Amino acid sequence: MHQLTLAEIARGLADKKFSSEELTKVLLARIAQLDPQLNSFISLTEELALEQAKAADARRANGESGALLGAPIAHKDLFCTQGIRTSCGSKMLDNFKAPYDATVVSKLAAAGTVTLGKTNMDEFAMGSANESSWYGAVKNPWNLEHVPGGSSGGSAAAVAARLLPAATATDTGGSIRQPAAFTNLTGLKPTYGRVSRWGMIAYASSLDQGGPLARTAEDCAILLQGMAGFDPNDSTSIDEPVPDYAAGLNGSLQGLRIGVPKEYFGAGLDPRIADLIQNSIKELQKLGAVIKEISLPNMQHAIPAYYVIAPAEASSNLSRFDGVRFGHRCEDPKNLEDLYKRSRGEGFGAEVQRRIMVGAYALSAGYYDAYYLKAQKIRRLVKNDFMAAFNEVDIILGPTTPNPAWKLGAKNSDPVAAYLEDVYTITANLAGLPGLSMPAGFVDGLPVGVQLLAPYFQEGRLLNVAHQYQLNTDWHTRTPTGF
Ligand code: GLN
């Protein structure tokens, strides 16, 4: 039963082949048995899950239907869950029980999902390897010596290991797409403003966006349907109708114009990944797509711009965790300054402290123009590159990451080495565009992802292309040995 996708679960529940309660029990037992190897959960919510499963079964018995009614999922541990620990992967929030549900959580609960638990993540979503979590690193089910990607590494490892069919995640600079690539999943970062950020603990507010992680594009469509939509509680939420994503999956790709940026294939890209990307291009050509070489000339400036803007916003967002308003408080403070210093020094890990310092520096009076303002100008140039490209093509295709998942600990002594791995994903966040990563093959037994980007609010097109690709390839069906 653990092999079923969300779409298959919906059919099985509708056909009364099994109940949500039965399925939930199977998955909870599987998590108890296998998760100790992976560390993909921070908290399990067995009682809530069984309660929600029974309620979903009762709703079905009363004639209700719906693709998410009775579907087991988990939430990345930065979505607030009422009365349940919401840690953000940090000692700072280890004992924080959220007083309310994030909009994503309440929308999905209303659609009938069953919450199995809260998944592990990089501390405050800062990272690409899930090694900065206060709750310990997450392991990649494809090779337990390798990282699963980050910051949504717990969601990715759990779904890849078939502990559950899908999970929520967030993407500030690639944290849905990169772990999807590293664990052979399909992950979608929606357009900025498509999914409410209310109750989603902020890292960099102008870049953060929640989205689905699942095995197939079809399942991403199902989960996104339950997450997307206008939310008056989020001032950056956009009031744009949500299309029927599942209905759009079967559109033909005949004549689809795919842009392949020449800058994506420079030095730094593993040549074996380049080959797999070429294979995926050929596959899409067979389905009728037309390929065009394009250029994104400002892409080279994106990493430095992102690593100024994201820490700048983080330094501001994280100022609320001071041991008074929110978060861990040190023992026996001598005075207020001591309380702030020790609470923040003890509560935040090294990577978070580094980013707060970088961000505070970039925003300081003497350096604002030199760093922050300049980074914002680059951000506009990156967006303009995309706007020009989308005048000529319908989607943009390239690798999701320059390399496959690295070994645990391999980049710990050099944070910049990890930052450079974000080269293909962060531009979509800077521009606010939707992006999807889907399985494209393997290198040394480790999964490789291909990334698709589309104009604003064209998540449906990304899902359509990915679904057609998945009907004609079987990379996404491969299961890691031992799971
Ligand atoms: N790796 C990037 C960072 O550390 C992106 C993280 C994310 O998307 N949350 O900032």
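Numbering starts at 1 and runs along the sequence shown. This structure is a prediction, so every number in the text was calculated from the model and none was measured.
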Subject >> Donor-acceptor contact present, side-chain Asp122 to main-chain Ser132, <3.5 Å >> reply: yes

Subject >> Sub-4.5 Å side-chain heavy-atom contact between Val159 and Arg215 >> reply: yes

**OP:** Return each pair, listed once, that meets ring pair (Phe, Tyr, Trp, His ring centres under 6.0 Å) where at least one residue sits in residues 115-162; pairs must be two or more places apart or across chains.
**Re:** Phe124-Phe321, Phe124-Phe348, Trp142-Phe442

Subject >> Check: Pro404 and Asp444 side chains under 4.5 Å, non-hydrogen atoms >> reply: no

**OP:** Report yes or no: does Arg342 contribute a side-chain atom to a donor-acceptor pair with the main-chain N or O of Asp332 at less than 3.5 Å?
**Re:** yes

Original post:
Hey, is the main chain of Ser237 close enough, under 3.5 Å, to the side chain of Asp231 for a donor-acceptor pair?
Top reply: no

Original post:
Of the non-hydrogen atoms in Ser280 and Ile277, which two are nearest, and what is the gap between them?
Top reply: OG-O, 2.7 Å

**OP:** Would you check if the distance from the ring center of Trp198 to the ring center of Tyr100 is below 6.0 Å?
**Re:** yes

**OP:** Give a yes or no on whether the backbone of Thr5 and the side-chain of Asp219 come within a donor-acceptor separation of less than 3.5 Å.
**Re:** no

**OP:** For the residue pair Ile396 and Phe390, establish whether any side-chain heavy-atom pair is separated by less than 4.5 Å.
**Re:** yes

Original post:
Short question: side chain of Gln353, backbone of Gly345 - any donor-acceptor pair under 3.5 Å?
Top reply: yes

Subject >> From Tyr306 atom OH to Thr427 atom OG1, the distance as rounded to the nearest 0.5 Å >> reply: 11.5 Å

Subject >> Backbone N/O of His328 and side chain of Glu346: donor-acceptor pair under 3.5 Å >> reply: no

Original post:
Any idea which heavy atoms bring Tyr245 and Ala221 closest together, and the distance?
Top reply: CB-CB, 3.8 Å

Subject >> Heavy-atom pair with the smallest gap, counting every atom of Thr115 and Ala49 >> reply: O-CB, 3.4 Å

Original post:
Side chains of Gln178 and Thr400: do they bring a donor and an acceptor to under 3.5 Å?
Top reply: no

Original post:
Is the count of non-hydrogen atoms from other residues, nucleotides or ligands lying under 6.0 Å from Lys91 atom NZ greater than 12?
Top reply: yes

**OP:** Kindly indicate whether the side chain of Val352, heavy atoms from C-beta on, has any atom under 4.5 Å from the side chain of Ser90.
**Re:** no

Original post:
Nearest 0.5 Å, what's the CG-CD1 distance between Leu6 and Ile73?
Top reply: 8.5 Å

Original post:
So, the side chain of Ser87 versus the backbone of Gly89: is there a donor-acceptor pair under 3.5 Å, distance only?
Top reply: yes

Original post:
Donor-acceptor pair, Gln209 side chain versus Val195 backbone, under 3.5 Å?
Top reply: yes

**OP:** Please examine the side chains of Thr170 and Tyr203, heavy atoms only from C-beta on, and report whether any two atoms are closer than 4.5 Å.
**Re:** no

Subject >> Rounded distance (nearest 0.5 Å) linking atom CD1 of Ile222 with atom CG of Leu68 >> reply: 7.0 Å

**OP:** For residues Ile273 and Pro399, report the shortest heavy-atom separation together with the two atoms involved.
**Re:** CG2-CB, 4.1 Å

Subject >> Modelled atom types, side-chain donor and acceptor of Gln470 and Thr186, under 3.5 Å >> reply: yes

Original post:
Is there a donor-acceptor contact under 3.5 Å linking the side chains of Asn120 and Ser40?
Top reply: no

Original post:
Considering only heavy atoms from C-beta outward, does the side chain of Val138 approach that of Ser133 to under 4.5 Å?
Top reply: no

**OP:** Verify, without hydrogens or angle tests, whether Glu459 (side chain) and Thr191 (backbone) share a donor-acceptor contact under 3.5 angstrom.
**Re:** yes

Original post:
Side-chain contact, heavy-atom cut-off 4.5 Å: His301 with Leu381?
Top reply: no

Original post:
Checking side-chain contact (heavy atoms from CB on, under 4.5 Å) for the pair Leu93/Glu123: CA distance, chi angles, key distance, verdict?
Top reply: CA-CA 10 Å; Leu93 290 176; Glu123 186 176 7; over 6 Å; no

Original post:
Looking only at side chains, do Glu313 and Ser206 share a donor and an acceptor under 3.5 Å apart?
Top reply: yes

Original post:
If you measure from CG on Asn335 to NZ on Lys341, what distance do you get to the nearest 0.5 Å?
Top reply: 9.0 Å

Subject >> Single hit among Asn429, Asp422, Thr425 for side chain to side chain donor-acceptor pair (under 3.5 Å) with Arg177 >> reply: Asn429

**OP:** Take Leu38 and Leu163 through the side-chain contact (heavy atoms from CB on, under 4.5 Å) test and state the conclusion after the steps.
**Re:** CA-CA 11 Å; Leu38 299 170; Leu163 305 186; 4.1 Å; yes

Original post:
Can a donor-acceptor pair be found between the side chains of Lys76 and Ser152 at a distance below 3.5 Å?
Top reply: yes

Subject >> Carboxylate-amine/guanidinium proximity below 4.0 Å for Arg85 and Asp94 >> reply: yes

**OP:** Check whether the side chains of Thr45 and Lys118 place a donor and an acceptor atom closer than 3.5 Å, and report yes or no.
**Re:** no

Original post:
Okay, side chain of Glu131, backbone of Leu408: is any donor-acceptor separation there less than 3.5 Å?
Top reply: no

Subject >> Distance-only polar pair, side chains of Ser196 and Asn233, donor-acceptor under 3.5 Å >> reply: no

Subject >> Ala125 to Leu78 - nearest heavy-atom pair and separation >> reply: CB-CD2, 4.0 Å

Subject >> Close side-chain approach of Pro261 and Met299, heavy atoms under 4.5 Å >> reply: no

Original post:
Without hydrogens or angle criteria, can the side chains of Ser43 and Asp77 be said to hold a donor-acceptor pair below 3.5 Å?
Top reply: no

Subject >> Arg478 and Asn184: CA distance, side-chain angles, deciding distance, side-chain contact (heavy atoms from CB on, under 4.5 Å) verdict >> reply: CA-CA 8 Å; Arg478 310 283 172 100; Asn184 206 43; 3.9 Å; yes

**OP:** Working to the nearest 0.5 Å, report the span between CD1 of Ile309 and NZ of Lys374.
**Re:** 13.5 Å

Original post:
How far apart are the C-alpha atoms of Phe457 and Ile238, what are their side-chain angles, what is the distance that settles it, and do they pass the side-chain contact (heavy atoms from CB on, under 4.5 Å) test?
Top reply: CA-CA 10 Å; Phe457 293 103; Ile238 297 177; 3.7 Å; yes

Original post:
Of all heavy-atom pairs between Ala305 and Ala375, which one has the smallest distance, and what is that distance?
Top reply: O-CB, 3.7 Å

**OP:** Hey, could you give me the NE2/CG distance between His75 and Leu108, rounded to the nearest 0.5 Å?
**Re:** 5.5 Å

